[in-house]
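Scroll down for the structure; my scribbles are underneath it.
Remember, predicted model here, so these are calculated numbers, not experimental data. Below, chains carry the letters A, B, ... as their sequence lines are ordered, and counting in each starts from 1.
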Amino acid sequence: MPELPEVETVKNELSPHIIGRCITGITLLWEGIVREPSAAEFRSRVTGQKITGITRHGKYLFFRLGSDDLLLIHLKMTGSLIIGQHSAEPPEYTQAIIHLEGETDIFFRDPRKFGLMRLVKDKSSITVKLGPEPLEAEFTPGVLAGLLPKRKAPIKALLFDQEFIAGIGNMYADEALYMAKIHPLRPGESLSPEEIGRLYNAIQRVLRTAIIHKGASVVNYLRPDGSPGTAHFDFKVAHGTGKYCANCGTAIKRIVVRNRGTYFCPKCQVI
DNA sequence: AAGAGACCCTGGATGC
DNA sequence: TGCATCCAGGGTCTCT
């Protein structure tokens, strides 16, 4: 599942292949992948435009075009952007192809069709709804502490709420809570200053480690060169059915929080 | 305002 | 072996 480390990896590894290049055409194998505007308008506004930059906000990618349009891409759960040759057979489940000058194609592969593309003039309509970027300098333990008072929702639910903090999803929420030794059902407001400090450090470490390992390839996610990331080899609890706690040996437990499978050590993370 | 749940979507795993 | 059912969870929407 692409979360912040995966989307950051896609951005980093895509950049050298696409910045400064012109889009020569769009192939839509499934038109529904373009949510707005219409497929025809999308095609005409994108074709011929140079890609002048690429940025990430939370799990969103923005390609800046020469026309000042922004091409927004969200990979959702199962999307990948794969760099390939124009002559190559598209990977299985390719829904759209962005053709670039110089024989290069970007294949938007997405088995479950949750992923989307959108053209926007202004990214603020998206970013205004996003919480702080956890790896930016502005995000400090004090900022995290300031978000928690009066929040009665389970800390796990808050962590993957994009309006609370941007970029954390189900996997990294579980990993950060395990590292911080905090039970996923603890109400946000109940965390002590010491626990908030531990959680802050755990978020930093979990995300930065995953970026170093080029993201986690639990299901479907692939890097732009088509290879898997390796961050999931470090996972202690996420998707941990049948796993045992590395710290105490207790069987990892699964509960459901806000419709998301949630894994934790019942001994190390007491409520 | 905040919290909770439904929904979309379909490949792969599981169960009978 | 084959079929049916369940599960996965991004964001977004609706309801309380």
Legend entry - Basic-acidic side-chain contact under 4.0 Å: A:Lys121, A:Asp68: no

Legend entry - Pair A:Lys76 + A:Asp110, salt bridge at N-O below 4.0 Å: no

Legend entry - Length of the line joining A:Glu92:CD and B:dG12:P, which is rounded to integer Å: 7 Å

Inset, instruction - Using whole Å, report how far CG of A:Asp161 lies from P of C:dC13. - result: 14 Å

Legend entry - Proximity to the side chain of A:Lys113 - top-ranked nucleotide from B:dC9, C:dG11, B:dG11: B:dC9

Inset, instruction - Calculate the interatomic distance between A:Leu147 atom CG and B:dA1 atom P; express it in whole Å. - result: 16 Å

Legend entry - Sub-4.5 Å side-chain heavy-atom contact between A:Lys59 and A:Leu4: no

Legend entry - Pair A:Phe160 and A:Tyr172, ring centroids less than 6.0 Å apart: no

Inset, instruction - Measure from the side-chain heavy atoms of A:Leu158 and tell me the nearest of C:dA8, C:dG11, B:dG3. - result: B:dG3

Legend entry - Contact nearer the 5' end of DNA chain B, comparing A:Arg260 with A:Ala157: A:Ala157

Inset, instruction - Starting from P on B:dA13, measure out to CZ on A:Arg112 and report it in whole angstrom. - result: 11 Å

Legend entry - Between P of C:dG9 and CZ of A:Arg258, the distance in whole Å: 15 Å

Legend entry - Nearest listed nucleotide, side chain of A:Tyr93, among C:dA8, C:dG11, B:dG12: B:dG12

Inset, instruction - Looking at every strand, decide which applies to A:Asn259 at a 4.0 Å heavy-atom threshold: base, sugar-phosphate, or nothing. - result: base

Inset, instruction - Remember a base hit wins even if backbone is also touched, and classify A:Gly261 as base, sugar-phosphate or nothing at under 4.0 Å, heavy atoms. - result: sugar-phosphate

Inset, instruction - Pick base, sugar-phosphate or nothing for A:Tyr60, based on heavy-atom distances below 4.0 Å to the nucleic acid. - result: sugar-phosphate

Legend entry - Whole-Å distance separating the CE atom of A:Met77 from the C1' atom of B:dT10: 10 Å

Legend entry - Any donor-acceptor pair under 3.5 Å from A:Glu3 side chain to A:Asn170 backbone: yes

Legend entry - A:His74 NE2 - C:dT12 C1' separation (whole Å): 11 Å

Inset, instruction - Please work out if A:Arg35 contacts a base, only the sugar-phosphate, or nothing of the nucleic acid, heavy-atom cut-off 4.0 Å. - result: nothing

Inset, instruction - Write down the distance between CD (A:Glu189) and C1' (B:dA2), rounded to a whole number of angstrom. - result: 12 Å

Inset, instruction - Would you check if A:Arg21 and A:Thr104 make a side-chain contact, meaning some heavy-atom pair closer than 4.5 Å? - result: yes

Legend entry - Charged N-O contact under 4.0 Å between A:Arg56 and A:Glu133: yes

Legend entry - Those residues of residues 148-155 of chain A lying under 4.0 Å from DNA chain B by at least one heavy atom: A:Arg151, A:Lys152, A:Ala153, A:Pro154

